[in-house]
Amino acid sequence: MKLRNAPLFAFLALLLAGLSACGTMRRAGKDLGVVVISPILIPYAGGTDTVATSQEVKNGLGGSAATEVLAFIPAFVFHTVKHALYTVIHAVDFCFFPIYGLADLHPYGPEIEPLDYYQNTWFDESKEEKQKGTDAQSGESAAGGR
């Protein structure tokens with residue numbers, strides 16, 4: 001890596017860290033992250049989906065390992081194209097970031113959440129994180145058992 005690219009890499013890392021705060025920024029960060037890592041993500045996600053699909057085809061048809069291998073090729077093409085389209089959707093969604101960012105500012109606006117094509121990313125909130133807080137009526141922890 002050339003030395004002049006190091007500040008750019010550091011800036012992008014800090015930008016992604018800052019994009020994980022509110023719903024709008026988490027959504028934009030996830031969109032940007034998916035698009036940036038798409039050269040790795042598309043074949044990886046396509047391959048993992050393909051393995052599951054080819055095993056299901058083998059089990060569904062009651063076939064042998066040859067059935068699994070023959071199902072692998074069309075399944076890989078299908079899943080790779082599917083994940084490429086998911087990446088395009090994330091790229092288009094990132095372009096609409098200013099619009100849904102404005103909608104998120106309105107007090108009665110919608111709650112903006114990241115797209116759910118890929119789960120358990122750095123930008124997704126877990127259910128435990130959503131339940132944190134205090135109940136306004138009782139003063140108890142919202143995550144506490146009621």
Side-chain angles (χ1 to χ4, degrees), residues 1-61 63 65-136 141-146:
M1 183 164 96
K2 295 182 180 179
L3 190 56
R4 65 175 184 231
N5 290 336
L8 177 64
F9 180 75
F11 171 74
L12 288 175
L14 288 173
L15 179 67
L16 284 175
L19 290 177
S20 64
C22 70
T24 299
M25 296 307 251
R26 286 187 304 110
R27 182 167 176 164
K30 185 173 182 178
D31 290 339
L32 183 63
V34 166
V35 171
V36 167
I37 66 167
S38 65
I40 297 169
L41 179 69
I42 292 170
Y44 171 76
T48 56
D49 289 354
T50 299
V51 169
T53 299
S54 61
Q55 289 173 348
E56 290 171 6
V57 168
K58 180 187 90 167
N59 293 337
L61 295 176
T67 307
E68 190 173 341
V69 171
L70 291 174
F72 191 89
I73 296 167
F76 183 74
V77 171
F78 171 76
H79 288 297
T80 302
V81 169
K82 176 182 75 171
H83 287 285
L85 290 175
Y86 287 168
T87 302
V88 170
I89 291 169
H90 277 282
V92 170
D93 189 58
F94 182 76
C95 294
F96 291 123
F97 162 67
I99 296 169
Y100 61 76
L102 290 174
D104 195 25
L105 291 175
H106 192 276
Y108 302 111
E111 181 157 338
I112 306 297
E113 292 292 325
L115 299 177
D116 63 347
Y117 293 121
Y118 302 104
Q119 289 85 27
N120 301 323
T121 66
W122 187 29
F123 299 101
D124 295 320
E125 284 184 341
S126 66
K127 291 182 181 180
E128 293 83 29
E129 289 176 4
K130 287 184 178 182
Q131 293 176 350
K132 285 183 181 177
T134 305
D135 184 271
S141 172
R146 283 194 213 167

Partner residues of [X] under the side chain to side chain contact (heavy atoms under 4.5 Å, CB included) criterion, sequence neighbours left out:
X	answer
L61	V57, T67
T87	V34, V35, S38, I42
V51	Q55, F72
V92	V88, F96

What are the two closest non-hydrogen atoms of [X] and [Y], and how far apart are they?
X	Y	answer
A28	F97	CB-CD1, 3.3 Å
L32	F94	CB-CE1, 4.1 Å
A45	T48	O-OG1, 3.0 Å

Hey, could you give me each pair passing salt bridge (charged side-chain N to carboxylate O under 4.0 Å, His left out) that has a residue in residues 51-60? Not counting sequence neighbours.
K58-E68
Quick test of your reading: applying salt bridge (charged side-chain N to carboxylate O under 4.0 Å, His left out), list the pairs with at least one residue in residues 71-100, sequence neighbours left out, ordered by first then second residue.
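Pairs touching residues 71-100 that pass the test: R27-D93, D49-K82.
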Measure the spacing between CZ of F78 and OG1 of T50 and express it to the nearest 0.5 Å.
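Between F78 CZ and T50 OG1, I get 9.5 Å after rounding to 0.5 Å.
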Set of residues satisfying ring-ring contact (aromatic ring centres under 6.0 Å, His included) with respect to Y86, sequence neighbours excluded:
H83, Y117
